[in-house]
Amino acid sequence: MQKMSVAEARRPEAVGKEIQLQGWTRTRRDSKGGFSFIELNDGSCLGNVQVLADGSLLNYESEIKKLPVGASIIVAGEVRPSPAQGQPTEVKAASITVLGQADPKTYALQKKHHSFEFLRTIAHLRPRTNTFGAVARVRNSVCRSIHDFFQEQGFLYIHPPIITASDCEGAGQMFKVTTLDLANPPKQNAQIDYHLDFFERPAFLTVSGQLEAEVFACSLGKVYTFGPTFRAENSNTSRHLAEFWMVEPEMAFFDLEDNMTIAEAFLKRIFKDVLARCPEDMAFFRDRIDPTAVSTLEGILASDFLRLPYTEAVAILQKSGKSFDYPVAWGNDLQAEHERYLTEEHFKKPVILFDYPRSLKPFYMRVNDDGKTVRAMDVLVPRVGEIIGGSQREERLDILEERMREQKLDPESYWWYLDLRRYGTVPHSGFGLGLERTVQFVTGMTNIRDVIPFPRTPGNAEF
């Protein structure tokens with residue numbers, strides 16, 4: 001007898017095989033003819049496999065007819081062609097072993113509608129629902145594609161530290177890491193004395209692995225990081241998390257044009273793979289969450305991304321005749337409404353904006369010859385706007401130090417980063433893609449808290 005997943009048992013080629021299934025009951029229907037239909041799911045796919053339990057089974061009356069939603073069982077039996085429409089197979093049970101019960105009086109996931117807000121309060125059970133099982137499978141596909149793409153392109157996977165003393169973004173919204181007694185911290189000159197802390201200096205959870213990735217890119221050529229990052233931003237919107245995952249490639253000898261080219265290919269690989277690997281899940285998101293979920297990805301795959309300077313984008317927006325909530329002016333950051341207008345209405349395709357005002361961007365982005373703009377890029381897609389942010393990095397030591405001081409950063413704190421410019425400096429580029437934003441875009445889920453297993457937000461660190 002062969003152990004099989006539900007996904008495998010649902011395939012026509014499984015017909016005729018004696019198999020063993022394990023999973024959780026989704027529904028049970030009892031027939032007057034003395035048998036029951038059990039819908040079984042094990043998380044391997046969106047759909048269930050139907051199990052036919054005959055009344056002649058030894059535990060039919062004592063256990064099978066009492067199986068509630070959410071009970072865990074082992075089914076041994078034969079896969080047969082299903083007479084019902086929409087399902088190629090069913091399993092005729094030779095035996096059913098009940099592993100665990102789920103009391104319907106207390107088990108939260110009964111066969112009825114549950115709001116996403118409610119499901120966030122039971123994040124330990126919500127993966128058993130159709131929506132969150134599908135989210136998990138799509139998230140897995142996206143992660144697999146990230147690694148596949150970069151590995152096939154000859155990149156090395158680098159693990160930057162999670163604890164850091166540097167602020168990549170210069171934003172200051174970082175979680176502090178300390179072993180000091182917060183009730184009575186040591187002080188010197190009325191300031192906390194971090195020399196007595198574990199790392200003997202202020203330390204934080206990282207907001208980005210970019211600077212460390214640059215170290216390896218400037219030695220090994222092409223690298224990428226992929227891991228958790230943290231932002232202590234007191235924001236409760238549907239687009240923000242305090243803990244989220246970022247993929248950040250860095251490439252030596254790449255200019256901004258090279259950066260844009262690989263970013264486009266990278267996104268297309270993710271979207272192509274998810275449509276191929278998760279067709280059932282994507283059909284579910286199209287039918288239940290966002291009717292444009294599949295067509296948007298297909299449209300992106302069929303498009304060449306348009307490359308447009310920020311200055312030209314501002315001019316287009318100003319001439320659009322549209323009434324925006326946020327004013328459009330050169331030097332202002334573009335908002336999602338502006339980015340969506342460009343991708344959805346004006347060009348009707350993905351857009352890569354580049355050459356942003358230097359005042360809008362971090363210190364590490366290369367300054368253009370005009371002195372006013374930097375070699376930054378944002379990849380914009382329909383429905384969400386920016387999905388990738390990146391730049392050619394500043395490789396000139398004197399200008400990098402000037403930019404640090406301009407943004408009130410102490411170059412001495414970044415001595416190691418500056419050394420990359422002192423010794424064998426090279427043009428190099430990179431970008432960042434937020435995993436959760438990407439999964440949110442692919443699935444059409446409206447709240448970012450619903451595309452990460454256990455969301456961390458202000459006031460919430462449950463589970």
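- Salt-bridge annotation for E345 and K322: present, with a side-chain N of the basic residue lying under 4.0 Å from a carboxylate O of the acidic one.
- Here the closest heavy-atom approach between residue P382 and residue I300 is recorded as CD-CD1, 4.3 Å.
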Are Y356 and D378 close enough, and set up right, to give a side-chain contact (heavy atoms from CB on, under 4.5 Å), and what steps lead you there? CA-CA 9 Å; Y356 280 77; D378 284 344; 3.0 Å; yes

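- Checked for salt-bridge contact, R269 and D273 meet the test: a charged N lies under 4.0 Å from a carboxylate O.
- Salt-bridge check for R137 with E280: failed, with every basic side-chain N at 4.0 Å or more from each acidic carboxylate O.
- The side-chain hydrogen bond (donor to acceptor under 3.5 Å, both in side chains) search around S235 returns H240, not counting sequence neighbours.
- Taking every heavy atom of both residues into account, N259 and S429 meet most closely at CG-CB, 3.7 Å.
- Two rings, from F155 and F149, have their centers 6.0 Å or more apart.
- Atoms CZ and CZ, from F175 and F230 in turn, are 8.5 Å apart once rounded to the nearest 0.5 Å.
- Under a 3.5 Å cut-off, the side chain of E337 and the backbone N or O of F324 do not form any donor-acceptor pair.
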Please assess C45 against R10 for the test side-chain contact (heavy atoms from CB on, under 4.5 Å), listing each intermediate value before the final yes or no. CA-CA 10 Å; C45 59; R10 292 175 66 213; 3.3 Å; yes

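- Taking the centre of each ring, Y414 and F363 come in below the 6.0 Å mark.
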Chi angles and distances behind the side-chain contact (heavy atoms from CB on, under 4.5 Å) call for I158, V215: CA-CA 10 Å; I158 302 299; V215 168; over 6 Å; no

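- In this structure, the side chains of R28 and D30 come closer than 4.5 Å at one or more pairs of heavy atoms.
- Side chain of E250 to backbone of A217: no donor-acceptor contact under 3.5 angstrom is found.
- Checked against the 6.0 Å centroid threshold, Y224 and Y157 count as a close aromatic pair.
- A donor-acceptor contact closer than 3.5 angstrom is absent between the side chains of E436 and Q440.
- Without hydrogens or angle criteria, R437 side chain to R239 main chain gives a donor-acceptor distance under 3.5 Å.
- Side chain of T89 to main chain of A9: a donor-acceptor pair is present (N/O by atom type, distance under 3.5 Å, no hydrogens or angles).
- Contact of the I38 side chain with the I96 side chain is registered, since non-hydrogen atoms from C-beta on lie closer than 4.5 Å.
- Atom CZ of F132 is separated from atom CZ of R126 by 4.5 Å, given to the nearest 0.5 angstrom.
- The main-chain N or O of L380 is never found under 3.5 Å from a side-chain atom of T343 such that the two would form a donor-acceptor pair.
- Inspection of the E248 and S208 side chains reveals an N or O donor paired with an N or O acceptor under 3.5 Å.
- Between F216 and T225 the shortest side-chain heavy-atom distance does not fall below 4.5 Å.
- S44 contributes a side-chain N or O that, together with a main-chain N or O of A7, makes up a donor-acceptor pair within less than 3.5 Å.
- Nearest heavy atom pair, residue L67 against residue A71, reads CD2-CB, 3.9 Å.
- The two residues L46 and A134 have their closest heavy-atom pair at CD1-CB, 4.4 Å.
- Here the closest heavy-atom approach between residue L196 and residue P186 is recorded as CD1-CB, 3.5 Å.
- In this structure, the side chains of V6 and N48 stay at 4.5 Å or more apart for every pair of heavy atoms.
- Ring orientation note: the planes of F431 and F266 are tilted relative to one another, at an angle of 30° to 60°.
- Between W245 and F226, the two ring planes are perpendicular [angle over 60°; tilted spans 30° to 60°].
- Closest approach of G23 to L40, counting heavy atoms only: C-CD1, 3.6 Å.
- Ring orientation note: the planes of F37 and F35 are nearly perpendicular, at an angle over 60° on the 30°/60° scale.
- For F441 and F271, the ring centers are positioned less than 6.0 Å apart.
- With hydrogens and angles disregarded, no donor-acceptor distance shorter than 3.5 Å links the side chain of H114 to the backbone of T129.
- For the pair R456 (side chain) and E462 (backbone), a donor-acceptor distance under 3.5 Å is present.
- Taking the side chain as every heavy atom from C-beta outward, T229 and V207 never approach each other to under 4.5 Å.
- With sequence neighbours excluded, the residues satisfying salt bridge (Lys or Arg N to Asp or Glu O under 4.0 Å) with R340 are E344.
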Criterion side-chain contact (heavy atoms from CB on, under 4.5 Å) on F347 and F305, from CA distance to verdict: CA-CA 10 Å; F347 293 111; F305 290 19; over 6 Å; no

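- Side-chain contact between L241 and R449: present, with at least one pair of heavy atoms (C-beta onward) separated by less than 4.5 Å.
- From Q151, atom CD reaches atom CG of L156 across 7.5 Å, with rounding to the nearest 0.5 Å.
- Donor-acceptor pairing under 3.5 Å is lacking for the side chains of R286 and T296.
- With salt bridges taken as basic N to acidic carboxylate O contacts below 4.0 Å, none links D304 and K349.
- No hydrogens or angles considered: nothing links the side chains of S31 and R29 as a donor-acceptor pair under 3.5 Å.
- A salt bridge links D148 with R277; the closest basic N to acidic carboxylate O contact falls under 4.0 Å.
- Not one N or O on the side chain of E39 forms a donor-acceptor pair closer than 3.5 Å with the backbone of T27.
- With 3.5 Å as the limit, one finds a donor-acceptor pair spanning the side chains of R26 and N130.
- The number of heavy-atom neighbours closer than 6.0 Å to CZ of F198, taken from other residues, nucleotides and ligands shown, is 12 or below.
- The backbone N or O of G70 lies less than 3.5 Å from a partner atom in the side chain of T25, making a donor-acceptor pair.
- Between the OH atom in Y310 and the CG atom in L360 there is a gap of 5.5 Å [rounded to 0.5 Å].
- One finds no salt bridge joining D281 and R139 here, because no Lys/Arg side-chain nitrogen approaches an Asp/Glu carboxylate oxygen to under 4.0 Å.
- Looking only at side-chain heavy atoms (C-beta outward), Q22 and S72 stay at 4.5 Å or farther from each other.
- Y60 has its side chain within reach of K65: a pair of non-hydrogen atoms, C-beta onward, lies under 4.5 Å apart.
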